[in-house]
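The next block holds one structure in the form of structure tokens; read it before the comments.
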Amino acid sequence: MVKITLKDGSVKQCEQGMTVLQIAEDISKELARNALVAKLNDQIVDLAWSVEEDGTLEIFNFASEEGKNAYRHTTSHILAQAVLRLFPETKLAIGPAIADGYYYDFDTEHTFTPDDLLKIEEEMAKIIKEDLPLVRKEVSREEALAMFKEKGEKYKAELIEDLPADALISTYQQGEFIDLCAGPHIPSTGKIKAVKLMSLAGAYWRGNEKNKMLQRIYGTSFPKKSELDEYLFRLEEAKKRDHRKLGQELKLFAVMDEGPGFPFFFPKGMVLRNELENYWRQIHREWHYEEIKTPIILNRQLWERSGHWDHYRENMYTTIIDEEDYAIKPMNCPGAMLVYNAELHSYRDFPIRTAELGLVHRHELSGALHGLMRVRSFTQDDAHIFMLPSQITEEIKGVIDLVDSVYKLFGFSYHVELSTKPEKSMGSDEDWEMATSALEKALQEKGMDYKINPGDGAFYGPKIDFHLQDSLGRTWQCGTIQLDFQLPEKFELTYVGEDGQKHRPVMIHRVAFGSIERFIGILTEHYAGAFPTWLSPVQVKVIPITERQLAYAQKLAQELFAEGIRVEVDERSEKIGYKIREAQLEKIPYMLVVGDKEMESGTVALRNRKEGDKGSVDFAEFQKKLLEEIKQKK
RNA sequence: GCUGACGUAGCUCAGUAGGUAGAGCGUAUCCUUGGUAAGGAUAAGGUCACCGGUUCAAUCCCGGUCGUCAGCUCCA
């Protein structure tokens, strides 16, 4: 007998050699029926795993991450099996579970079409109906290599060869299909219920663009058809929030064929943008920044000096003026260095916080462009802070607080990453060490959770990145704080110290919004276009019921306008329902419906875009509340 | 940049086994003055992304270019 400690802390006596599934059956029928995989001690295992000694056991169903992953992973094996049945010449690469499903990469002469996906789905359904058990087998490196080489599975053979010497190699077999796999898997193909293949895409073998491009099939699966339907419905809903779609519908912004990656802002989008910039200036004033503006085009010598000409050339647009090379700035820092050097500085001036809403241009790969999220020209809400080494940690903590206050205002959740020295970089290891630990110290003193991204820093220094989530669950880098020991050297920045001698200051680059354009894209999706009143391009629409109330409506609008409120009057001779519908679709926060009754009593019938008809209210009262709401940025 | 799909009116999309195009929404004008998510009529609006080829004839077939989308790669 062995002692197995269960999740609830209870200890169960089991016969040695019992499988996890048998133990689950012992505990309850329901648990056994829903069980997919289990965690025995610290190892995720199949249900067929047998228990040989005392330990802890947790059994997972689809509700857990572990269960979901195994479920989807097994589905990816079924996908591969179906593809091999239909296209026997296909070579298999890898097929893991991912966030909402799984994928499998294939190498074949045949180009998969959407029709093929339907056929493959049908074949998968057959495999599921066959209810094939998944059988794990541990094999030696030689056996594994021989088996996959014989099948001509060169990608599998490559994977095996790259496994560490002491790695345990296992295969999983279901019917005629056998795959190299660490597992775990669910007991049989029949457990999979609702399957859907989502899309086709190219993907490089091992994610390296120098390797061959394989064909990747994405899919998902669920234990119930209703859960699949719900997932598909959520995807549709998310599409409705897509900022590209809303940007067009709400006439905010657009990217046109004439300028790929160079966004246009329409009048309504500019209102939103200017409000954001006003807010930005307000908080930067509170945090004691001063604002500058540096030129968009600067000469080649400057970019050579900054290192960009050597390290960032492939992303820079260049031009020739009077036979001299110039570059359109991809970053604002070199300009900010020149501003710093335009006068002498004393240690007494530090920290100097210089901010700039700087328009930068970067050549991004055409395939990478995406609405406002990934563009070729964007405005960074940049700042460069010059200081004494002793001020680093305090300054970084201040920036973290500023960024946090911005994201809190919009109700964003975010996560933080610390990126360290990349392969292509400037500066000594000691500098990198010191810069990285200064960032880390600030994070630790703020008590922030963060993830480390080894080798993901900028070429001039390590960085802290803030990542926000969009409506499809993708994360986008917005805020960043980057320490830079390089530029102050290259531009020979100095300050006069207490001792009367010249010293080198320390500098950080930082952005809070990141890119104004990207931030607007994220805000659009976050609010599904229904921006809070302070940001709404139109805050109030006055809707007269008939022409008789037109003058009254205009008088109200003028009063609101005089208070700085963005107001429109719908003067068209349409029915009231029609005008309301339109204002509602435009996501205008407040509608003031005015008919004879309101005109006589000097009131308005208020309608809120969220709550609908609020009935008759006093106009002055409404105006007061509205102004307060705008001021509070609620 | 790479792989695949796509590109028809301002928007969303139909369509032609090759004979130069249609709907809804929107816009304009007129009728309607209607109390909380679509009143009616009429009209305007298209070099069917661009360039070339095949053909008596190309929006449709073929090739190239540009762009969009989904991924990969890369990054605010």
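What you see is a predicted model; the values in this text were computed from it and never measured.
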Protein-nucleotide distance ([X], atom [atom1]; [N], atom [atom2]), rounded to Å:
X: A:L117; N: B:G4; atom1: CG; atom2: C1'; answer: 11 Å
X: A:L369; N: B:C75; atom1: CG; atom2: P; answer: 15 Å
X: A:R362; N: B:A76; atom1: CZ; atom2: P; answer: 6 Å
X: A:R518; N: B:A76; atom1: CZ; atom2: P; answer: 8 Å
X: A:K212; N: B:G1; atom1: NZ; atom2: P; answer: 22 Å
X: A:M373; N: B:C69; atom1: CE; atom2: C1'; answer: 15 Å
X: A:L200; N: B:C69; atom1: CG; atom2: P; answer: 19 Å
X: A:R376; N: B:U68; atom1: CZ; atom2: P; answer: 8 Å

Q. Just checking, any donor-acceptor pair under 3.5 angstrom between side chains of A:Q215 and A:T108?
A.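 There is no such pair between these side chains.
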Q. Of A:G479 and A:G371, whose nearest nucleotide on RNA chain B comes first from the 5' end?
A. A:G371
**Q.** Comparing A:Q215 and A:P260 on RNA chain B - which has the more 5′ nearest nucleotide
**A.**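 In this pair, the answer is A:Q215.
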Can you check nucleotides 6-11 of chain B for protein contacts, nitrogen or oxygen pairs under 3.5 Å, and list what you find?
from, atom 1, to, atom 2, distance (Å)
B:C11, O3', A:Q248, OE1, 3.3

[N] to [M] separation - [atom1] atoms, rounded to the nearest Å:
N: B:G24; M: B:A9; atom1: P; result: 16 Å
N: B:G40; M: B:C6; atom1: C1'; result: 38 Å
N: B:U42; M: B:G64; atom1: P; result: 47 Å
N: B:A37; M: B:C74; atom1: C1'; result: 45 Å
N: B:A57; M: B:G19; atom1: C1'; result: 7 Å
N: B:G45; M: B:C62; atom1: C1'; result: 32 Å
N: B:G7; M: B:U16; atom1: P; result: 13 Å
N: B:U73; M: B:A14; atom1: P; result: 32 Å

Q. With sequence neighbours left out, what residues match A:Y407 under ring-ring contact (aromatic ring centres under 6.0 Å, His included)?
A.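 Residues passing ring-ring contact (aromatic ring centres under 6.0 Å, His included) with A:Y407: A:Y414.
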Q. What string of B, S and - do you get for nucleotides 30-41 of chain B, 5' to 3', when a contact is any protein heavy atom under 4.0 Å?
A. --BBBBBBBB--
Check every strand shown and say whether [X] touches a base, only sugar-phosphate, or nothing at a heavy-atom separation below 4.0 Å.
X: A:V375; result: base
X: A:T111; result: sugar-phosphate
X: A:G367; result: base
X: A:Y218; result: sugar-phosphate

**Q.** A:Y103 six-ring centre to A:R216 NZ/CZ under 6.0 Å and within 45° of normal
**A.** yes
Q. How would you list, by chain and number, every residue that makes a salt bridge (Lys or Arg N to Asp or Glu O under 4.0 Å) with A:K421, sequence neighbours excluded?
A. A:D429
Q. Can you name the residues that form a salt bridge (Lys or Arg N to Asp or Glu O under 4.0 Å) with A:K408, not counting sequence neighbours?
A.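 Expected list: A:D404.
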Q. Looking at residues at least two apart in the chain, or sitting in another chain, which of them share a side-chain hydrogen bond (donor to acceptor under 3.5 Å, both in side chains) with A:K156?
A.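 In terms of side-chain hydrogen bond (donor to acceptor under 3.5 Å, both in side chains), with neighbours along the sequence ignored, A:K156 is linked to A:Y104, A:D179.
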Q) What residues form a side-chain hydrogen bond (donor to acceptor under 3.5 Å, both in side chains) with A:S601, not counting sequence neighbours? A)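 For A:S601, the residues satisfying side-chain hydrogen bond (donor to acceptor under 3.5 Å, both in side chains) (neighbours in sequence not counted) are A:T603.
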Q: Please assess A:F222 against A:Y231 for the test ring-ring contact (aromatic ring centres under 6.0 Å, His included), listing each intermediate value before the final yes or no.
A: CA-CA 9 Å; A:F222 290 88; A:Y231 170 71; 5.5 Å; yes
Q: Can you tell me which residue pairs pass the side chain to side chain donor-acceptor pair (under 3.5 Å) test with a partner in residues 196-206 of chain A, sequence neighbours excluded?
A: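 Every pair satisfying side chain to side chain donor-acceptor pair (under 3.5 Å) with a residue in residues 196-206 of chain A: A:E158-A:W205, A:D162-A:R206.
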Q: Could you name each residue pair satisfying ring-ring contact (aromatic ring centres under 6.0 Å, His included) that touches residues 583-606 of chain A, not counting sequence neighbours?
A: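 Checked against ring-ring contact (aromatic ring centres under 6.0 Å, His included) - neighbours excluded - the pairs reaching residues 583-606 of chain A are A:Y590-A:F622.
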Could you write out each protein N or O paired with an N or O of nucleotides 42-52 of chain B at a distance under 3.5 Å?
none

**Q.** A:E417/A:K451 ion pair, N-O < 4.0 Å
**A.** yes
Q) Salt-bridged, A:E525 to A:R244, with N to O below 4.0 Å? A)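 Salt bridge: no.
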**Q.** Helical stems, RNA chain B - three or more consecutive Watson-Crick or G-U wobble pairs below 3.5 Å
**A.** B:1-7 with B:66-72, B:10-13 with B:22-25, B:27-31 with B:39-43, B:49-53 with B:61-65
Short side-chain N/O contact from [X] to OP1 or OP2 of [N], under 4.0 Å:
X: A:K463; N: B:A76; answer: yes
X: A:H467; N: B:A76; answer: no
X: A:R216; N: B:G4; answer: no

Q. How about A:K245: does its NZ atom have over 12 heavy atoms from other parts shown lying under 6.0 Å from it?
A. no
**Q.** Aromatic ring proximity A:H363/A:Y317, centre distance under 6.0 Å
**A.**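 For A:H363 and A:Y317, the ring centres are under 6.0 Å apart.
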Q) Less than 3.5 Å between a donor and an acceptor, one on the side chain of A:Y204 and one on the base of B:G71, is that the case here? A)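 For A:Y204, whose side chain was compared with the base of B:G71, there is no donor-acceptor pair (under 3.5 Å).
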Q) Once you round to the nearest 0.5 Å, how far does CE of A:M124 lie from CD1 of A:I78? A)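 Answer for the CE-CD1 pair, A:M124 versus A:I78, is 6.0 Å.
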(Q) Using the side chain to side chain contact (heavy atoms under 4.5 Å, CB included) criterion, which residues pair with A:E122? Sequence neighbours excluded. (A) none
